[in-house]
Amino acid sequence: LRIVDTPGLLPRVRELLAHPDWQVRVLAAKALGRIGDRSDVDRLVGLLGDREWWVRYRAAQAIAELPWLGGAELDALQAALTDRFAADILAQVIAENRSPGGTAG
């Protein structure tokens, strides 16, 4: 999963988002952030409610790094979240990316 870079593997990566081992879910979220398409935003949003903090964090990072989601879309997505943990983790990643040294503008 660390080196997945081809959309041909999307079906398998998507399956692994539900893996019982949280470390596999972390890697699957990161991979989906690299190779996913617009339909995967909902899958990543679902991971924002995972019981494991690292899964939530990596899913939020993957969402924030999607090239077709700009700042306004990220803010709207974060504001629409009803799960407190999901909203908090996405807000944290958005703030990290907007801080000096962050990757988003």
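Any value given below was found using the heavy atoms of this structure, including those in side chains, with hydrogens, waters and symmetry copies removed. For this chain, numbers begin at 1 and follow the sequence in order.
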Quick one, W68 with V41, criterion side chain to side chain contact (heavy atoms under 4.5 Å, CB included). Give me CA distance, side-chain angles, the key distance, then yes/no.
CA-CA 10 Å; W68 58 83; V41 173; 3.9 Å; yes
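- Using a 4.5 Å heavy-atom cutoff, the side chains of D88 and D83 are not in contact.
- Shortest non-hydrogen contact noted between D40 and G36 is OD2-CA, 3.1 Å.
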Verdict with reasoning, L10 to L32, per side chain to side chain contact (heavy atoms under 4.5 Å, CB included)
CA-CA 7 Å; L10 270 172; L32 202 57; 3.5 Å; yes
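- Atom CD of Q61 and atom CZ of R56 lie 13.5 Å apart (nearest 0.5 Å).
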Test log, rule side chain to side chain contact (heavy atoms under 4.5 Å, CB included), inputs V45 and L77
CA-CA 9 Å; V45 167; L77 178 61; 3.9 Å; yes
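- The distance from the CG atom of L66 to the CG atom of L74 is 8.0 Å, given to the nearest 0.5 Å.
- Applying the salt bridge (charged side-chain N to carboxylate O under 4.0 Å, His left out) rule to D50 yields the partners R25; only residues at least two apart in sequence or on another chain are considered.
- A salt bridge links R98 with D75: the closest approach of a Lys/Arg side-chain nitrogen to an acidic carboxylate oxygen falls below 4.0 angstrom.
- When all heavy atoms are compared, the tightest approach of V93 to A64 is CG1-CB, 3.7 Å.
- Hydrophobic cluster membership differs between F85 and W54, with clusters built from Ile, Leu, Val, Met, Phe, Trp and Tyr side chains linked at under 4.5 angstrom.
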Quick one, I63 with L48, criterion side chain to side chain contact (heavy atoms under 4.5 Å, CB included). Give me CA distance, side-chain angles, the key distance, then yes/no.
CA-CA 10 Å; I63 291 168; L48 294 177; 3.9 Å; yes
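- Looking at residues two or more places apart in sequence or on another chain, you find a side-chain contact (heavy atoms from CB on, under 4.5 Å) between A62 and L44.
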Run the side-chain donor-acceptor check on residues 16-24: report pairs under 3.5 Å with partners two or more places apart or on a different chain.
{"residue": "H19", "atom": "ND1", "partner": "D21", "partner atom": "N", "Å": "2.9"}
{"residue": "D21", "atom": "OD1", "partner": "Q23", "partner atom": "N", "Å": "2.8"}

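- Counting heavy atoms from C-beta on, the side chains of S39 and R14 come closer than 4.5 Å.
- To the nearest 0.5 Å, atom CZ of residue R58 and atom CG of residue L47 are 13.5 Å apart.
- Here E52 contributes atom CD and Y57 contributes atom OH; the two are 16.0 Å apart, rounded to the nearest 0.5 Å.
- Of the N and O atoms on the side chains of E96 and Q92, at least one donor lies less than 3.5 Å from an acceptor on the other residue.
- Under the 4.5 Å side-chain criterion, counting only non-hydrogen atoms from C-beta, R34 is in contact with V4.
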